[in-house]
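What follows is a single structure, written as structure tokens, with notes after it.
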Amino acid sequence: MTFSMRRFQAIVQKEWKDAIKNPQVLLMAAMPIMFTLLFQRMGMEAGILLSMPILFVLSMTAAFVQASMVSEEKEKHTLRVLMLSPASAIEILFGKSFITMLISIVVVAISVVVVGPTLTMDYLWLVLMFLLALIMFIAIGTIIGLISRTVQETSISGLPVLLIFMVGPMFAPMLKNEFLETIVSYLPTDHLIHALTEITKGNGFSAIQGDFLNILIWTALSIPACLIIYRKRRFD
Amino acid sequence: MENIIEVKQLMKSFGSKTALKHIEFNVRKGEIFGFLGPSGSGKTTTIKILTSQLTLSAGEVHVFGKDITRTKDFSHLNRIGILTDNSGLYERLSVYDNLELFCKLYDVPLKRIDEVLGEVNLLQDKKALVKQLSKGMRQRVTLARALLHKPDLLFLDEPTSALDPKNTLHIHDSLRKLNAAGTTIFLTTHDMSEAEQLCDRIAFIHEGEISALDTPQNLRLMYSDHSITVVTEHNGKEIIVQDAAGIEKINEYMVNGQLQSIHSNEPTLGDIFVKLTGGNLQ
């Protein structure tokens, strides 16, 4: 089946109408901006200050919201109805992800404006890494949503996983546990923070190429994993 | 007559449990086919296989002449409408917004929304949010959605189970009109009078096997004990078997002017099901 822009737009339009009436989505979009404003008053340096809304957006605004939206479709049996319509798996997944992605990008953009770092050309690499990580987190959110049977189950099973991605890079060094630090060193969020710190220090792409490769691998693995699980778990 | 659905030796197992035991039936083009059975008898499993939501373990299933067990092209689903207990709605959206999405997915003009809402008696509620609707109203919205693209084949799983008598009659009228316009309907219901009123043919399924399949009239005749109930002036209600002695007795009542009423005793569909399975339909 060919990709239909008409069907994709119909799903995006539905997702938008649904998202703006969903308090969970609105809260998850507002919280990173509120945190940024709060931490800015504490006088943190730009790199660390920016890393907080970015990690929150990836784990919560993108992945957790996506997981909740997908599991809600399963719980309310609407995904089944969509699957039996002419919409293809790709149209449904892209349509569902588009609004999550758009909200996430807008929230990070507002956070960047609030923090106001001196932007250089090297930030383009950072933007690219963020977009790759965003795709990966939306794929992970979709997987969590497909595996969960209800929205509540998403919170129970998915939230701990996403929290590890979010707070792991921040707290693992404090725990001084070599095993934990090794695990966290493979997380894409750890690499994103490292890249952010390097770029804000004025270093170029050569300092972050390992981080870029890590996020690229995570993204490349998460998309097929998401499609496979979608085909297996799409019917509630 | 052309068959819209052909099922041959259909078997479905879930682990060690066999849900469907080599069932066979055809659904003819333009008919309303009733598929009746108690909970857990295999009705929903059959619908899920016919609509490609489940794969089968053995057998053959053709829908619109296409062997759906050996195809990766599911375009035939575009000609199908489905209403089941599990047909969900977007609760934060209005009735109109719910239907608008599917109009766009099926490439149907938006003016069709008002037509289907009229058919299910919900036109005045089109701006209402789905979460504010009663169960019966939601069921009518899902039916409206199933009708949006004028499907050639409609699967209805208990379409009137949550409706009041007035709306049930309204839906029955709509289904008859739809059927008269050429839509084939595959109906499951617990409501025997609904099956009797709507269905051209009925299959009883019990424990994964089809125990009877025919028109409602033929089924009643087939399982009738051929007795007659007469009401007479002096004796009141009396059941008489149709043999020589019984016929002579009725003649006698008629000659003497005692006969007040006479009815053949045909079993209801519910009676037939109990006879076939030893259980009831609930």
Side-chain angles (χ1 to χ4, degrees), chain A residues 1-27 65 68-96 98-99 145 149-151 230-236, chain B residues 44-45 47-55 63 71-110 129-132 138 141-146 148-149 151 153-155 157:
Chain A
M1 190 183 277
T2 54
F3 185 87
S4 158
M5 272 311 284
R6 174 178 49 79
R7 289 194 291 264
F8 169 72
Q9 283 171 357
I11 294 168
V12 168
Q13 193 184 6
K14 187 277 290 178
E15 290 299 335
W16 173 249
K17 285 179 186 172
D18 204 26
I20 56 172
K21 291 178 184 169
N22 187 340
Q24 190 181 33
V25 175
L26 299 177
L27 182 69
V65 164
S68 301
M69 282 161 64
V70 171
S71 61
E72 187 181 18
E73 291 253 19
K74 285 191 77 191
E75 185 178 353
K76 302 276 169 67
H77 307 294
T78 46
L79 190 59
R80 176 188 292 270
V81 186
L82 272 184
M83 285 310 303
L84 294 170
S85 79
S88 68
I90 295 291
E91 287 158 6
I92 293 170
L93 281 178
F94 279 21
K96 285 205 78 60
F98 184 82
I99 291 297
R149 282 168 300 182
T150 62
V151 178
Y230 181 76
R231 287 186 204 287
K232 286 191 174 183
R233 302 292 297 257
R234 60 191 167 160
F235 291 119
D236 31 86
Chain B
T44 305
T45 303
I47 288 184
K48 282 185 175 175
I49 290 171
L50 294 177
T51 53
S52 303
Q53 297 177 60
L54 263 182
T55 54
V63 178
T71 184
K72 288 188 175 175
D73 170 20
F74 296 105
S75 56
H76 64 283
L77 290 175
N78 299 352
R79 297 171 64 191
I80 290 176
I82 304 167
L83 164 70
T84 70
D85 270 357
N86 289 335
S87 300
L89 294 164
Y90 295 102
E91 302 207 343
R92 285 184 288 269
L93 302 188
S94 67
V95 171
Y96 185 89
D97 287 340
N98 267 275
L99 297 181
E100 185 188 22
L101 167 66
F102 287 89
C103 264
K104 288 175 177 172
L105 294 180
Y106 282 101
D107 203 11
V108 171
L110 294 179
L129 294 180
V130 166
K131 65 182 173 189
Q132 294 167 339
R138 285 172 194 227
V141 179
T142 53
L143 181 58
R145 186 179 59 195
L148 264 180
H149 57 298
L153 172 61
L154 187 58
F155 287 92
D157 192 0

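Proteins get letters first, then strands, A, B, ... in listed order; numbering begins at 1 in each. Quick caveat: nothing in here was measured; it's all calculated off a predicted structure. Because only heavy atoms are used, hydrogens play no part in the values below, and waters and symmetry mates are left out as well, while side chains stay in.
Proximity to chain A is limited to the backbone of B:L89, based on heavy atoms less than 4.5 angstrom apart. When heavy atoms are compared at a cutoff of 4.5 Å, B:N98 does not approach chain A at all. Contacts between A:Q9 and chain B at a heavy-atom distance below 4.5 Å are absent for every atom of the residue. Only the side chain of B:L129 comes within contact range of chain A, with heavy atoms under 4.5 Å apart.
Proximity of a side-chain donor or acceptor of A:E75 to a complementary backbone N or O of A:R149 within less than 3.5 Å is not detected.
A side-chain N or O of A:T78 and one of A:E73 form a donor-acceptor pair less than 3.5 Å apart.
Closest approach of A:V70 and A:G145 over heavy atoms only: CG1-C, 3.7 Å.
Ring geometry, A:F3 versus A:F8: the interplanar angle falls from 30° to 60°, so the pair is classed tilted.
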